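Bear in mind that the values here come from a model prediction, so they are computed numbers and not experimental data. Order of appearance sets the numbers: ligands from 1, and atoms from 1 within every ligand.
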Amino acid sequence: MSSPEPKRYRVPSKDYGRQYAPFMDELMVEVERVLREEDPILGASVERFESEFAAWCGATHGIGTGSGTDAIYVALRALGIGPGDEVVTQANTFVATVTAIALTGARPVLVDPDHVTMSMTAAALGSALSPRTRAVIPVHLYGRLAPMDEIAGVCERAQVAIVEDAAQAHGARDAQGRAAGSFGAAGCFSFHPSKLLGAFGDGGILVTKDGDLAGRARRLRHLGKRTKYDVEDVAPNTKLDTLQAAILRMKLPFVERWIARHRAVAAIYARELQGAGDLVLPATTAEHAHVHHLFVVRTRRRDDLRAHLREAGINAGLHYPRPPHLQAMGIDWPYEAGSFPVAEELASTVLSLPISHELSDAEIDHVCRSVWRFFAS
Ligand SMILES: Cc1ncc(COP(=O)(O)O)c(C=O)c1O
């Protein structure tokens, strides 16, 4: 029997009240200014935020969208991808990656991730390519940079575009300082409130260094309009809201500090949970390459551990308990249970321990002690 949800978690996965508290007064002043001075649709804050965020990622153009899912969809459409095409992504991704591909009319092709890093591998990607492949979407899952040089090598040889799903990896960088979102033709981010940089609602952005692609993406997020009264595509209306852009602009200067705190929390977990039961900790990698948006451990006793933590007032999440190919999404796939053994094993063993810059050392300590108590019982 599953235990009842505590009314209020002692260690929540996110606490937005706490997150906004340090700059609430400043934010309210800015919100009032925006309400008085700016256009509600594509107001000045949107363009400012788009340029600031793109520059932070090492890209040139930013096109704000209504969500991260829409950013991926718009990027694929801007690359001319549609029915008859194939787009490869990884089988353990959040379902939205697959949804965005399917919405274009293209066929999502999945590959099993690496068992240790949980990322796409160049080898698996290479064997999934076909003459119909037009793009590849590596996912920087949980905040860890996918092996972009290897993936880019495969894509270059096959002449297929890369669209990065960087929804969970704001600020992750490789050894040369290249940021998530800056490797492919386009990099797509989510500003879902739970993300490292989150809006107060839905939002997303695609960043690119390609001016032509940026122009097409701008049209495709706005009903395919070339000018106010000229429409040249069937496309959604999915723009980043002015108020969300203003909130995101205020938060952007804090993100590096928040990433540092995520890394510090991850280091505490890695140190304190070593050797607890059959727990598998996230594989280590260069610090700059992982922003630890999520801290995902694995155990065969996942559901029992999660219930035990809930009893202790700890909200541990599941990212994700059922992979896209086992969802009843209506995609005409040749896949079935067993098609992606690694992704399927991950789905039954992954558990996300609370991680957020708002959490105190005492709260993290409570999580560690509770995990040890579980394995001791
Ligand atoms: C890996 C991944 N891809 C895509 C998305 C979609 O983003 P959104 O929820 O903003 O549509 C998310 C976020 O939820 C995500 O985690």
Side-chain angles (χ1 to χ4, degrees), residues 13-14 16 49-50 53 62-77 87-104 108 110-111 113 117-120 135-146 148 151 162-172 180-181 183-184 186-207 217 220-221 236-241 244-245 247-248 251 262 282 290-296 317-325 327 329 343 346-347 350 352 355-356:
S13 58
K14 279 277 163 191
Y16 299 114
F49 174 70
E50 288 173 338
F53 186 81
I63 297 95
T65 54
S67 70
T69 310
D70 284 351
I72 301 170
Y73 170 79
V74 167
L76 294 173
R77 287 282 312 273
V87 178
V88 182
T89 192
Q90 59 202 65
N92 59 330
T93 188
F94 179 50
V95 72
T97 324
V98 166
T99 301
I101 299 168
L103 283 172
T104 68
L110 303 178
V111 293
T117 64
M118 303 185 263
S119 298
M120 177 187 281
V136 171
I137 309 186
V139 185
H140 306 307
L141 203 64
Y142 310 145
R144 181 193 175 109
L145 212 58
M148 291 311 296
I151 289 171
I162 297 177
V163 172
E164 294 168 69
D165 183 339
Q168 302 188 359
H170 314 66
F183 294 89
C188 302
F189 293 83
S190 166
F191 299 127
H192 182 275
S194 65
K195 300 297 193 264
L196 261 160
L197 175 59
F200 200 79
D202 280 311
I205 197 168
L206 77 90
V207 300
L220 287 163
R221 73 162 173 191
N237 189 7
T238 175
K239 305 183 291 293
L240 181 64
D241 286 337
Q244 299 297 357
I247 292 171
L248 290 163
K251 292 169 93 173
H262 273 246
H290 206 324
V291 291
H292 294 287
H293 161 60
L294 295 170
F295 192 88
V296 177
L318 301 179
H319 301 88
Y320 301 91
R322 193 187 306 156
H325 72 283
Q327 302 283 353
M329 293 169 75
L346 293 175
V350 288
S352 308
I355 188 164
S356 143

**Q** What residues form a side chain to side chain contact (heavy atoms under 4.5 Å, CB included) with Ser356, not counting sequence neighbours?
**A**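 Once residues adjacent in sequence are excluded, the partners of Ser356 under the side chain to side chain contact (heavy atoms under 4.5 Å, CB included) criterion are Lys14, Glu358, Leu359.
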**Q** Indicate yes or no: at least one non-hydrogen side-chain atom of Tyr73 is less than 4.5 angstrom from one of Pro236.
**A**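 With C-beta onward as the side chain, the pair touches.
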**Q** Under a 4.0 Å heavy-atom cut-off, what residues line ligand 1?
**A**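 The answer is Ser67, Gly68, Thr69, Phe94, Ala96, Thr97, Val139, Asp165, Ala167, Gln168, Ser190, Lys195, Gly203, Tyr320, counting any residue whose heavy atom sits under 4.0 Å from ligand 1.
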**Q** Between the side chains of Gln168 and His140, is a donor N or O closer than 3.5 angstrom to an acceptor N or O?
**A**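 No, no side-chain donor-acceptor contact under 3.5 Å.
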**Q** A side-chain contact here means heavy atoms from C-beta on lying under 4.5 Å apart; do Asp165 and Thr93 qualify?
**A**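 They are in side-chain contact.
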**Q** Compare all side-chain heavy atoms of Val163 with those of Leu76 and state whether any distance is below 4.5 angstrom.
**A**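 A side-chain contact under 4.5 Å exists here.
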**Q** So does Glu50 pair up with Arg221, basic N to acidic O under 4.0 Å?
**A**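 A salt bridge links Glu50 with Arg221.
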